[in-house]
Every structure is written in C-alpha cells, then in structure tokens.
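A short write-up of the structure that comes next.
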Protein chains: 2
Amino acid sequence: MANHVRSIPDKVVGRLSLYRSLLQDHAPENVTHLFSHDLARMARVSAAQVRRDLMDTGYIGSPNKGYEIKKLVGCISRILDNPECENVALIGVGHLGRAIIDYFQGRRSNLCIVAAFDNNPSKVNRIVQGVKAYPISQLQEIVENEKINTAIVAVPGNAAQGVADQLVQAGIRGILNLAPTPLYVPENIYLVEQDMTMSLEKVAYFARRSFNKKGSKNE
Amino acid sequence: MANHVRSIPDKVVGRLSLYRSLLQDHAPENVTHLFSHDLARMARVSAAQVRRDLMDTGYIGSPNKGYEIKKLVGCISRILDNPECENVALIGVGHLGRAIIDYFQGRRSNLCIVAAFDNNPSKVNRIVQGVKAYPISQLQEIVENEKINTAIVAVPGNAAQGVADQLVQAGIRGILNLAPTPLYVPENIYLVEQDMTMSLEKVAYFARRSFNKKGSKNE
DNA sequence: GTAACGCTGTGACTGTTTTCACGGCTTAAT
DNA sequence: ATTAAGCCGTGAAAACAGTCACAGCGTTAC
Ligand SMILES: NC(=O)c1ccc[n+]([C@@H]2O[C@H](COP(=O)([O-])OP(=O)(O)OC[C@H]3O[C@@H](n4cnc5c(N)ncnc54)[C@H](O)[C@@H]3O)[C@@H](O)[C@H]2O)c1
Ligand SMILES: NC(=O)c1ccc[n+]([C@@H]2O[C@H](COP(=O)([O-])OP(=O)(O)OC[C@H]3O[C@@H](n4cnc5c(N)ncnc54)[C@H](O)[C@@H]3O)[C@@H](O)[C@H]2O)c1
C-alpha cells in the first residue's frame, strides 16, 4: 500500500515550520551552514530536539559543516508544502482579516491567500491589499476554481458556525478558526481553534507565578 | 517553604481556560449542572481528560448532579485569575491591535486591556474602542501606575525587539508576541510566540493528507 | 429497605515526546 | 599517517500526557 511518506506528528510539523521561517527570515546573512545547536537556540528548543525533528525530513547534515541552510529549507519545504502553491481563503474582511492579509502578503511563503470573502456589500468586489474580496455567495464557485483547500475564519463569533458549514459544503479540508465560538465540523476536516483568550490567560498565569522558571513557548 | 498551590502544567492551564470560556459563553441557558462528558464534548477532549484536569482545581463534582457550573467557573477562576483584575498592555494600534481591543472589550473576562501604546503620533492620545492609547514614551509610567504585568506585542516585526526591551525595562513579566520576529527576553519573563504562519502551515499540511484522520486541536 | 444505575475521583497503564549518551564520521593539525 | 576534536544520527531511557477501568457513593425505582 502507498504509505509513502509516513505521517509526521503534529508537534514536529509545527517545529519544522518554525525552523524554516527562522532559517529563511532570521538567519545571519552570509552564513551558509549552521549546527543543530544554533538552530536550537533560535527556536528555543534543545539541540537534540532539532536533530530528532530533522530526522523526519530525511535531510542528512554533515558532522562538521552542520546543515546547509538552503538544502535544509528545501527539504523541509518538500514536506510541508504543496508542490504547487497552497491556496487559502480568508473569511471576514474586518480589522483582523485585513491584518492577516497584510501579514501574508509581507512574507514569502508557500501559503497564499487567493481570495477573501465577506457578507457586507461595502467590503466586497474590490481589492484589499492585493487580495480580491468576494461576496460570500461566491464561496463555492471560487473555492472550486482556485483549488482552495484551507480557510481562515475571521468573522464574528455568531457567524462562525454558519461560515464553517459553508466552507465544508464548498469542499474545504482544513480550517483555522479565530472566532471565539468553537466550531463543529465533520471528522475528516482538520480544525484548529486559535483563541487568543486562552493564550493570554496562559501568559498571565505563568507571568504571575514564575519569578525564576524558564519561560518561552511556541504555539 | 511556601509551595502553596503546586504549579499546574501548561497544557492543563490552557484547557482550564478553555473550559471556563465554554461554560461561561457557550453553556446552554437555564442549565445549572453538567457532567464531565458534556464539557468534554464541548471542548473536544475525552471525559477522563476533563475529570483529570478538574482535579487540579480542587473542585469536587457530585456523582450524579455532575458539576455545578457557577461553582466550577469560580473554582477555575480562583486558579487562573489574579484576585484583582489582570491588567494588560497592548503595543501597536494597527489593524491587528484594534481587532484585539475589540475582541477583549466584547468578552467578559478577568483580562483587561487597560492601555494601548503606539509610536505613531496620529494614533495616540485618544480613545480607541474604549481603551486609551498612549505614546510609547509613557510606557514605563503607565505600566507602573496601572500595575500591568502582561503585554501583547502587535507591532511590525522590525520594531518588536525594541518594544520587548522596553517592556522588560518597564517591569512586564509576561509577553504574548504576535509579530513574526522571535524575541529575546530574560529567562524570568514568560514569553509566548504566536506566529500565524506556523498554525496555518500545520492546518494546510494535515488538511492535505488526512482524508479520514480525526482532526481538531486547541491552541 | 435494597438493588441497580451512572457518575465522580483516581491508581495503574499506555502511548507519546523529549532528553541522554555514545558510535561513527569528517575534517584539521601534527 | 595518526590523533584529536566536535558534531551528527539514533537506540535506549526518562519524563510527560492521556486513557482505562473500577471502587465508592448519591439517587432513584421498586
Ligand atoms: N483569535 C484571535 O486572536 C482573535 C483576535 C481578534 C479578534 N478575533 C475574532 O475574530 C473575528 C473578527 O474580528 P474583527 O475585529 O476583524 O471583527 P470585524 O467586525 O472588524 O470584522 C468581521 C467581518 O466579518 C464580516 N462578516 C460578518 N458575518 C459574516 C458572514 N456571515 N459571512 C461573511 N462575512 C461576515 C463582517 O462584515 C466584517 O467585515 C471576531 O470573531 C473576533 O472575536 C480573534
Ligand atoms: N500572529 C498573528 O496572528 C498575526 C496576524 C496578523 C499580523 N501579525 C503581525 O502583527 C503586527 C501588527 O500587524 P498590523 O496589521 O496591526 O500592522 P499595522 O502596520 O497595521 O500596525 C502596526 C502598528 O504598530 C505601530 N508601531 C510601529 N513601530 C512601533 C514602535 N516602535 N512602538 C510602538 N508602536 C509601533 C505602528 O504605528 C502601527 O500602528 C505585524 O508584525 C504583523 O506581522 C501577526
């Protein structure tokens, strides 16, 4: 049976993504190689963790040059990225939606927001920061045409479930939900709830009680 | 020695925060009690997980009424919340900053954004959605006066480290960084990097390859 | 009464994630 | 050559997180 690439754990995928962006955006200029130790310091994890994670990419470093940045980035990309560009839809062109468009326009990445949707007539049928905004009624059509399979939900809480239903209907396969209302979607849809309250309450909790504990966490 | 409350693991703190907001905002009306099972379904975790997490709060449910919502919320709050309201500063009043202010104004919560800061003169010395915006130069003063110990960084990447330094200087103890540049802060500051690229790349990765795997993840 | 039910709290277990530690390789220096 | 150094890859161990399964206990039904 196929089983070609053997699925990589969630945690590792997250860190690979982190490593790549550190290598691309924050590696010192004119350095072509680095050691597990260096990447570990940047990512705030242990060197052993880095080496172990990189095992999953298949990339093999050299014992005393370390990892060649370009090659390693390529290797991580071969795992994380769609061979073609990964098309993403954004639902909700409010303050948050616009910040997100900005954010992704600003970074080179395989992820590409190719369409935004809103139900407010005054926000659609125009270009927002380089991304075309459509009325939500065209969701199905555009998702199909643009081969979109991932969506970001940035609408008010009370509209989120309705939007999610439409996304599922339209054939979306993964959803990042930023609204505070948790969504119900079928089993086979990959859903991440990213509620800021939770993150901030964690920060506040540990800030309050750790005077000397080590902190820092990537999420 | 003190050791009064025995520190609760990171993961559990996150779920407690989730449970609370589910109980407060999404519990069916006119229901006073529920079972571990019910909360589990809402939070997308197992019932055993809920029961185990609640052990850390000290709250004891009754075998056949289950948990009294009001009491349980109180109990979680006693763990997560500062006895007084937890004052938070927001740095960067752009699109993202404004979305965040909206977000926290809209939810009852112990977390309270009491001041926003920006270095753009046209954005400060006015009230944004109910929150006073100050020039960044007043950071130290306001942080002290308002007893702020947690901050959200929502400035462009190239300004983030500078802002972080000022926050540490001003006495902040926990930072939620939304800018794409990872920060360096002293050991005793609790830092969470919340980079959207990582979340979205995870979603895209698993969306692409899971036709039948179960999804859903809270972060 | 008392039997049956169904839920909680928790010890024991299982599975996953992280760290440890060391063999092997590659280079540079003597 | 030979040695020394230092990093990589990985098996084994440790730590951590989550699940199972069951005793114990109110409640209800008879
Ligand atoms: N998780 C986080 O970090 C975070 C942070 C801030 C805000 N939020 C949440 O993100 C959401 C958006 O925040 P915002 O500040 O941009 O709000 P906003 O009101 O500025 O924008 C919401 C947009 O959604 C559109 N909309 C409403 N109903 C719709 C529907 N049924 N279909 C399509 N579009 C619809 C509105 O027209 C508006 O343009 C809110 O739910 C907010 O709570 C999350
Ligand atoms: N993690 C996420 O989910 C996420 C999502 C979207 C955007 N972002 C990031 O958040 C940041 C803000 O995004 P935005 O869309 O609001 O950008 P923006 O340009 O609209 O706003 C940035 C604000 O920061 C202010 N600022 C700049 N330098 C400053 C300084 N030294 N001190 C104080 N204030 C300063 C600017 O005046 C501006 O008001 C960016 O770094 C962006 O990449 C993160």
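All of these numbers come straight from a predicted model, not from anything done at the bench. Proteins come first, then strands; the chains are lettered A, B, ... in the order of their sequence lines, and each starts at number 1.
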When the side chains of residues 64-80 of chain B are checked against the rest of the protein, which donor-acceptor pairs come out under 3.5 Å, sequence neighbours left out?
unit_1: B:Ser77; atom_1: OG; unit_2: B:Arg20; atom_2: NH1; d: 2.9
unit_1: B:Ser77; atom_1: OG; unit_2: B:Val73; atom_2: O; d: 2.8

* To do: Give a yes-or-no answer on whether the side chains of B:Asn218 and A:Glu193 include a donor-acceptor pair shorter than 3.5 Å.
  => no
* Backbone N/O of B:Gly106 and side chain of B:Asp102: donor-acceptor pair under 3.5 Å -> no
* Between C:dC7 atom C1' and B:Glu68 atom CD, what is the distance in whole Å? -> 16 Å
* B/S/- contact track for nucleotides 25-30 of chain C, protein heavy atom under 4.0 Å -> BBS---
* Structure fact -> Contacts of B:Phe117 meeting ring pair (Phe, Tyr, Trp, His ring centres under 6.0 Å) (sequence neighbours excluded), chain-then-number -> B:Tyr134
* To do: Could you list all the salt bridge (Lys or Arg N to Asp or Glu O under 4.0 Å) pairs where at least one residue sits in residues 83-100 of chain A, not counting sequence neighbours?
  => A:Glu86-B:Arg208
* To do: Please check if atom NE2 in B:His37 has more than 12 non-hydrogen atoms from other residues, nucleotides or ligands closer than 6.0 Å.
  => no
* Which nucleotide of DNA chain D is the first, and which the last, in the 5' to 3' direction, to come under 4.0 Å of a heavy atom belonging to chain A? -> D:dG6 to D:dA12
* Please confirm whether B:Arg15 makes a cation-pi placement over B:Tyr19, using NZ or CZ under 6.0 Å from the six-membered ring centre and within 45° of the ring normal. => no
* At their closest point, which heavy atom of B:Ala99 faces which heavy atom of A:Leu96, and how far apart are they? -> CB-N, 3.6 Å
* To do: Indicate, with a heavy-atom threshold strictly under 4.0 Å, whether B:Ile60 touches base, sugar-phosphate, or nothing.
  => sugar-phosphate
Are any protein N/O atoms closer than 3.5 Å to N/O atoms in nucleotides 13-21 of chain C? If there are, list each pair with its distance.
unit_1: C:dT18; atom_1: OP1; unit_2: A:Arg15; atom_2: NH1; d: 3.1
unit_1: C:dT18; atom_1: OP2; unit_2: A:Arg15; atom_2: NH1; d: 3.2
unit_1: C:dT18; atom_1: OP2; unit_2: A:Arg15; atom_2: NH2; d: 2.8
unit_1: C:dT18; atom_1: O5'; unit_2: A:Gln49; atom_2: OE1; d: 3.2
unit_1: C:dT19; atom_1: OP2; unit_2: A:Ser46; atom_2: OG; d: 2.7
unit_1: C:dT19; atom_1: O4; unit_2: A:Arg52; atom_2: NE; d: 3.3
unit_1: C:dA21; atom_1: N6; unit_2: A:Arg51; atom_2: NH2; d: 3.3

* State plainly whether the residues B:Lys11 and B:Asp53 are in salt-bridge range, i.e. N to O under 4.0 Å. => no
* Any side-chain donor near an acceptor of the partner, B:Gln161 and B:Asp165, under 3.5 Å -> yes
